[in-house]
Amino acid sequence: QVQLVESGGGLVQAGGSLRLSCAASVSAFSSYAMGWFRQAPGKEREFVGAISWSGGSRYYADSVKGRFTISRDNAKNTVYLQMSSLKPEDTAVYYCAARGTLMPSTDLTGYKYWGQGTQVTVSS
């Protein structure tokens with residue numbers, strides 16, 4: 001069983017930055033590829049970014065490419081999402097997810113474990 005706890009969300013002005021963290025309670029964290037997804041009110045959950053077990057492969061949604069960076073620290077069992085140049089349309093609940101393979105997926109159905117989410121609100 002994998003437990004994921006996100007933190008770091010909050011209210012920020014457009015153009016600002018936030019760093020989200022996701023702490024995993026699991027042995028062999030490095031065996032899991034990780035992803036970040038988000039869900040805005042009235043919309044479906046969508047892919048944001050994903051990272052392989054080693055951090056050597058990273059993938060981003062076009063909407064966040066160049067503004068968001070996903071990273072991980074396997075020694076701390078934590079994955080991060082650094083968000084910069086935030087826009088009001090980035091407002092959503094952000095979820096981290098884990099999948100028991102070395103390589104990630106951009107499809108949310110590829111993830112078995114999910115955190116409870118953290119709210120990010122970007123004001124204009």
Quick check for you: to the nearest 0.5 Å, what is the distance between [X] atom [atom1] and [Y] atom [atom2]?
{"X": "Ser52", "Y": "Tyr59", "atom1": "OG", "atom2": "OH", "answer": "7.0 Å"}
{"X": "Ser71", "Y": "Met34", "atom1": "OG", "atom2": "CE", "answer": "11.5 Å"}
{"X": "Ser123", "Y": "Leu86", "atom1": "OG", "atom2": "CG", "answer": "10.0 Å"}

Single-linkage hydrophobic cluster Leu81~Leu4, side-chain heavy atoms < 4.5 angstrom: yes
Shared hydrophobic cluster for Val2 and Ile51 (ILVMFWY, side-chain gaps under 4.5 Å):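 Per the 4.5 Å side-chain linkage, Val2 and Ile51 are co-clustered.
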Heavy-atom closest contact ([X] atom, [Y] atom, distance):
{"X": "Val48", "Y": "Phe68", "value": "CG1-CD2, 3.7 Å"}
{"X": "Tyr111", "Y": "Ala50", "value": "OH-CB, 3.7 Å"}
{"X": "Ser124", "Y": "Pro88", "value": "CB-CG, 3.8 Å"}

Do the non-hydrogen side-chain atoms of [X] and [Y] ever get within less than 4.5 Å of each other?
{"X": "Thr69", "Y": "Arg58", "value": "yes"}
{"X": "Ile70", "Y": "Trp36", "value": "yes"}
{"X": "Val93", "Y": "Thr118", "value": "no"}
{"X": "Ser57", "Y": "Met103", "value": "yes"}
{"X": "Gln39", "Y": "Tyr94", "value": "no"}
{"X": "Thr101", "Y": "Tyr32", "value": "no"}

For the rings on Phe47 and Tyr60, is their centre-to-centre separation under 6.0 Å?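 Not close enough - the centres of the two rings lie 6.0 Å or further apart.
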Can you run down the salt bridge (Lys or Arg N to Asp or Glu O under 4.0 Å) pairs that involve residues 98-120, sequence neighbours left out, and say none if there aren't any?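 As it turns out, there is no salt bridge (Lys or Arg N to Asp or Glu O under 4.0 Å) pair with a partner in residues 98-120 once direct neighbours are skipped.
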Counting only heavy atoms not in Lys65 (residues, nucleotides, ligands), do more than 12 fall under 6.0 Å from its NZ? yes
Within a reach of under 6.0 Å around CD of Gln3, are more than 12 heavy atoms found that belong to other residues, nucleotides or ligands? no
With sequence neighbours excluded, tell me which residues meet side chain to side chain donor-acceptor pair (under 3.5 Å) with Gln82.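 For Gln82 there are no side chain to side chain donor-acceptor pair (under 3.5 Å) partners, ignoring immediate neighbours.
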Report yes or no: is the cationic atom of Arg45 (NZ for Lys, CZ for Arg) under 6.0 Å from the centre of the six-membered ring of Trp114, at an angle within 45° of the ring normal?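 Verdict for Trp114: a cation-pi partner in Arg45.
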Could you work out, with salt bridge (charged side-chain N to carboxylate O under 4.0 Å, His left out) as the rule, every residue matching Glu46, not counting sequence neighbours?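 If we apply the salt bridge (charged side-chain N to carboxylate O under 4.0 Å, His left out) test to Glu46, skipping adjacent residues, the hits are Arg38.
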With Arg67, which residues qualify under salt bridge (charged side-chain N to carboxylate O under 4.0 Å, His left out), at least two apart? Asp90
One pair to check against side-chain contact (heavy atoms from CB on, under 4.5 Å): Glu89 and Val122. What are the steps and the verdict? CA-CA 8 Å; Glu89 50 264 45; Val122 184; over 6 Å; no
List in chain and number order the residues that pass ring-ring contact (aromatic ring centres under 6.0 Å, His included) with Tyr95, two or more places apart in sequence or in another chain; answer none if no residue qualifies.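 Listed in chain order: nothing, the list is empty.
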Enumerate donor-acceptor pairs with a distance under 3.5 Å from any side-chain N or O in residues 9-31 to protein atoms, sequence neighbours excluded.
| from | atom 1 | to | atom 2 | distance (Å) |
| --- | --- | --- | --- | --- |
| Ser31 | OG | Ala28 | O | 3.4 |

